[in-house]
2 protein chains.
Amino acid sequence: MDLRHLRYFVAVAEEENIGRAAARLHISQPPLTRQIQQLEEELGVTLFTRTPRGMELTQAGELFLEEARNIRALVEQATERTQRAGQGKLGRLDVGIFGSAILDAIPKLLLAFRNRYPDVKVVLHTMTKAEQIEALRQRRISVGFNRMLSPLADLEIKQVTTEALLLAVPAEHPLAAQPVIRFAELQDHPMVLFPTGARPSFIDKVIGLCADSGFQPLISQEVGDAVTGVALVAGGFGVCLVPDSATTLQFPGVVYRRITDTPPNFYVDLSCIYRKDDQSPILAAFLDTAERYREETT
Amino acid sequence: MDLRHLRYFVAVAEEENIGRAAARLHISQPPLTRQIQQLEEELGVTLFTRTPRGMELTQAGELFLEEARNIRALVEQATERTQRAGQGKLGRLDVGIFGSAILDAIPKLLLAFRNRYPDVKVVLHTMTKAEQIEALRQRRISVGFNRMLSPLADLEIKQVTTEALLLAVPAEHPLAAQPVIRFAELQDHPMVLFPTGARPSFIDKVIGLCADSGFQPLISQEVGDAVTGVALVAGGFGVCLVPDSATTLQFPGVVYRRITDTPPNFYVDLSCIYRKDDQSPILAAFLDTAERYREETT
DNA sequence: CTTCTCGATACCCTACAGGTATCATCGGCA
DNA sequence: TGCCGATGATACCTGTAGGGTATCGAGAAG
């Protein structure tokens, strides 16, 4: 049996007349007769009673008509859904995000993606940079978000946005009272740094900036993520350089201050990382959305 | 697209290897490659990623695999069900029965049919002889039960059983006290006859029997069916000849008595009637069951 | 570097879907 | 009653496409 048989059968059943059905199918009458005969022979069931006025369904034929219509609808639906999946419009995208970076850019980007591809189920997995890389290679995620990513042979990196750095300062701290903060002044104040874990990371960025300005920071504490860092600032552990987006963390007793004499690379990137060999149309759609986001926000 | 494509696709998806899938399908590898390519081209979707180790489903491919399996299962089910329908094992049978004749033979026969063909839904329609014939011609029923059916050009009649006649007598009636009742004695006693309506019917049977014995019955009342007839007997309207099966009607004040000197045709048939041109396998199955029933009960 | 395994390609052959011509049958109608 | 028209069935031809064999190209493995 063949989908053609089903198509022909439904046409004949609906027209109750082989000639008309043949015309509707754009074939001539004899082949249609033969196909129907074949179908009946293969099933071993008489589907039609032949009358001088045309073809009339038997009870078995009526049942088969329902089934045939059902199957044909299902085939249509399957192709349609598969095509949507092939265009990245339907399916699932596993995304790795880092600890506290669910701030500003990532939610906005995910929201934009959801709007463009409402039938793609986005699943977020919180994991560190090293875990993201491992998960990418094991195909547990298709894309990861992180900062300060280093090039890798099998993974591609694409910058999503850059963020200026701000200084998180305890409200009672002398620097909070100054109208202007110069970067070099930070050498006199204990700093909270983050994240711990896989290097290079944001920590190295900050230490590098200090080194460029000719000093070593006074490290009061290293913590895992920005949220903890700002919490320690609130607790008086010192100041902390954070990306712009961290200002969404409004802790009582913490104020954010701009640095006036920013060195040229006084910003940090937010990038996404994915397998070079990943041909998934959903990933392509996601990266396209990310690209648009980047263009809109720069 | 074609069911073959689905079969091939599922095999490749399951084997993750075109060569093995080809072996499983008993074809050689190149045609299988081509069929998969055709399928992908027709859908416009890459279903597999080709690796040096074999074929790996894409996300769209995974979805299509589910759909394909589903469709294939449905096709199998459709053929199976249609075949059962074609063998008369699945479907619906509309049966016309007459007023009060839901006694003895018909329920037993229907029960036997249900046991042999549990998936055939039997729908009973109570209708008179004339209504049955009309309903048969209009195909609202496939078979009807009745007595004293006359041959018709387009309808076939098949006897199901015969029943001896008994006399329903009021308990207080003089005949009830006699040890023996001879048929000729009935000429002295008012009788209830049934059914009214289309002739020839059971009424004519009784009148004919009386005529054969050389008398005209004293008709006290004509009623629509045996139940009403026996009820009138209970009410003292007279005696009433009824088929054997009517003894299942146990009215208080009514007793059934045998006639001793029965004439040779002192019985009435129960037959079924159906369209000569009806090729329905369900009807055939039903008639076969009826035939067996007849053989078992004679 | 060789070898093995995978899918892809090239080319041939045959089966079968589809075409035309024609037949058989049954109702309707003059 | 017999002709005509409509219906599905049959006979036969043709071209497409599905399946076969032989072979290639690319990676992985040794």
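Naming: A, B, ... by sequence-line order, numbering from 1 per chain.
Residue pairs meeting the ring-ring contact (aromatic ring centres under 6.0 Å, His included) criterion with at least one partner in residues 61-85 of chain B, sequence neighbours excluded, are B/F9-B/F64. Sorted by first and then second residue, the pairs that involve residues 114-139 of chain A and meet ring-ring contact (aromatic ring centres under 6.0 Å, His included), not counting sequence neighbours, are A/F113-A/Y117. Here salt bridge (charged side-chain N to carboxylate O under 4.0 Å, His left out) pairs that include residues 8-33 of chain B, with residues two or more places apart or in two chains, are B/E14-B/R24, B/E14-B/R69, B/E15-B/R20, B/E15-B/R24.
Looking at residues 27-42 of chain A, you'll see A/Q29, A/P30, A/T33, A/Q37 sit with a heavy atom under 4.0 Å from some atom of DNA chain D. Within residues 17-24 of chain A, the residues having any heavy atom under 4.0 Å from DNA chain D are, by residue number, A/N17, A/I18, A/G19. Listed by residue number, the members of residues 55-62 of chain A with any heavy atom below 4.0 angstrom from DNA chain C form an empty set.
For the residue pair B/T33 / B/Q29, a side-chain donor-acceptor distance below 3.5 Å is found, with atom types taken as modelled. Donor-acceptor pairing under 3.5 Å is recorded for the side chains of B/Q138 and B/E134.
Between the OH atom of A/Y8 and the C1' atom of C/dA17 there is a distance of 8 Å, rounded to whole Å. B/E15 has its CD atom 16 Å from the C1' atom of C/dT5, to the nearest Å.
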Could you list the donor-acceptor pairs under 3.5 angstrom formed between side-chain atoms of residues 70-81 of chain B and any protein atom two or more places apart in sequence or on another chain?
{"from": "B/T79", "atom 1": "OG1", "to": "B/E76", "atom 2": "O", "distance (Å)": "2.8"}
{"from": "B/R81", "atom 1": "NE", "to": "A/E67", "atom 2": "OE2", "distance (Å)": "2.6"}

Mind listing the side-chain donor-acceptor pairs of residues 150-161 of chain B below 3.5 Å, one per line with the distance, residues two or more places apart or on another chain?
{"from": "B/D154", "atom 1": "OD1", "to": "B/R137", "atom 2": "NH2", "distance (Å)": "3.1"}
{"from": "B/D154", "atom 1": "OD2", "to": "B/R137", "atom 2": "NE", "distance (Å)": "2.8"}
{"from": "B/K158", "atom 1": "NZ", "to": "B/E291", "atom 2": "OE1", "distance (Å)": "3.4"}

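Taking every nucleotide of DNA chain D with any atom under 4.0 Å from a non-hydrogen atom of chain B, the first and last of them, 5' to 3', are D/dG18 to D/dA28.
B/Q279 pairs by the side-chain contact (heavy atoms from CB on, under 4.5 Å) definition with nothing, not counting sequence neighbours. In this structure B/Q87 satisfies the side-chain hydrogen bond (donor to acceptor under 3.5 Å, both in side chains) test together with B/K89, sequence neighbours excluded. For B/R7, there are no salt bridge (charged side-chain N to carboxylate O under 4.0 Å, His left out) partners two or more places apart in sequence or in a different chain.
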Quick one: do A/T58 and A/F48 satisfy side-chain contact (heavy atoms from CB on, under 4.5 Å)? Show the steps, please.
-> CA-CA 5 Å; A/T58 63; A/F48 294 98; 5.7 Å; no
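Mapped onto DNA chain D by nearest heavy atom, B/R4 and A/R53 fall at different nucleotides, with A/R53 at the one closer to the 5' end.
Salt bridge annotation for A/R50-A/E40: present, with a cationic side-chain nitrogen under 4.0 angstrom from a carboxylate oxygen.
Within the 3.5 Å criterion, the main-chain N or O of B/P200 finds a donor-acceptor partner in the side chain of B/K129.
A/H5 comes within 4.0 angstrom of nothing in the nucleic acid, heavy atoms only.
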